[in-house]
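A quick write-up on the structure given underneath.
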Amino acid sequence: MPAIHGEASLKFTRAIVRRPSENFAGGLTTVDLGKPDYELALRQHGAYCRALETCGLSLTRLEPDERYPDSTFVEDTAVLTQRGAVIARPGAASRTGEIEEIKTVLSERYAQIREIREPGTLDGGDVCEAGERFFIGVSKRTNEAGAAQLAGFLADFGYQTTLIDIRGLSNILHLKSGLAYLGGNRMLVIDELKASNEFSSYDVIEIDNTEAYGANCLLINDRVLIASGFPGLRLQLERLDYEVIALDMSEFQKMDGGLSCLSLRF
């Protein structure tokens, strides 16, 4: 694993996860990859949780909630930092109720909690932490008001922020569908984002268009979780001395989900 310059103190110890509910297939999706297999999704989620534990995380496991078929994607409900938490306000109306249980859980773990308020909307999947800077995507789910509120809260916590408008990109739902910060000043980005001036100070790792889904990978302590089925990406990361764990994400991909979506890490 390459050194993560200036980030030695950023080590995750805990994560919040929620097993998919039986009506998982009734959630929102923008892709046409077929109906997810519920039993297979459960097995994939179990493997994901075991991988988090392998990375040294202690898990808080929330019960499935059939009121919200998308609620396994817990990342969208909050933004967690070392200095405070922000409760999100999901951009899809069917998901707004998901934040209530998350708020209760986080109130036991954070002294500082802020909340996105109307008219702002914010999905946690639009927020990428890169050391002392957070990239915030303005998307179909996160509006300008929500992004501005989050930027203000993060400034109060002592972080810098950069807003990136991805509303013109049809191939990604959230900002983190197209990028991942891998420590050591390295940013993995899809082709449509690599020319952005916002990443000019980073060592950009490009991903082949045929493996674009793999851009939603996840650095956790000394390992990188990636979706299986992307040998080019895996080889690229291993050549950079990352220890890689590949996980089957086929059923979550059918519902617009990725690796980062399935947990809140802190």
Salt-bridge present (Arg141, Glu75; N to O < 4.0 Å): no
More than 12 foreign heavy atoms under 6.0 Å from CG of Asn209: is that the case here? yes
Please determine whether salt bridge (charged side-chain N to carboxylate O under 4.0 Å, His left out) holds for the pair Arg83 and Glu129, giving the CA-CA distance in whole Å, both sets of side-chain angles, and the decisive distance to 0.1 Å. CA-CA 13 Å; Arg83 301 165 194 163; Glu129 180 179 7; over 6 Å; no
Closest non-hydrogen atoms of Ala130 and Tyr202, given as atom of the first, atom of the second and distance, are CB-OH, 3.9 Å
Output yes when Arg43 and Glu39 qualify as a salt bridge under the 4.0 Å nitrogen-oxygen rule, no when they do not. no
Listed partners of Phe199 passing ring-ring contact (aromatic ring centres under 6.0 Å, His included), at least two apart: Phe135
Arg95 and Ser71: side chain donor to acceptor below 3.5 Å: no
Going through the checks in order, is the side chain to side chain donor-acceptor pair (under 3.5 Å) test met by Glu66 and Asn23? CA-CA 6 Å; Glu66 292 196 359; Asn23 61 347; 4.8 Å; no
Is it true that Glu115 and Lys103 have a side-chain N and a carboxylate O under 4.0 angstrom from each other? yes
Are Arg89 and Asp123 close enough for a salt bridge, meaning some N to O gap below 4.0 Å? no
Treating Asp126 as the side-chain partner and Ile136 as the backbone partner, does any N or O pair qualify as donor plus acceptor under 3.5 Å? no
Whether Asp70 side chain and Leu28 backbone form a donor-acceptor pair below 3.5 Å: yes
Pair Arg167 + Glu144, salt bridge at N-O below 4.0 Å: yes
Do Tyr48 and Ser263 get their side chains close enough for a donor-acceptor pair, meaning under 3.5 Å? yes
Taking a hydrophobic cluster as the set of Ile, Leu, Val, Met, Phe, Trp and Tyr residues connected by side-chain heavy atoms closer than 4.5 Å, whether directly or through intermediates, do Leu240 and Leu188 fall within one such cluster? yes
Sequence neighbours excluded, which residues qualify as ring-ring contact (aromatic ring centres under 6.0 Å, His included) partners of Phe134? Tyr159
Counting N and O atoms only, with roles assigned by atom type, does the side chain of Lys176 sit under 3.5 Å from a partner on the main chain of Val127, one being a donor and the other an acceptor? yes
Tell me whether the centres of the aromatic rings in Phe252 and Phe24 are closer together than 6.0 Å. yes
Just by distance, do the side chain of Gln236 and the backbone of Glu206 share a donor-acceptor pair under 3.5 Å? yes
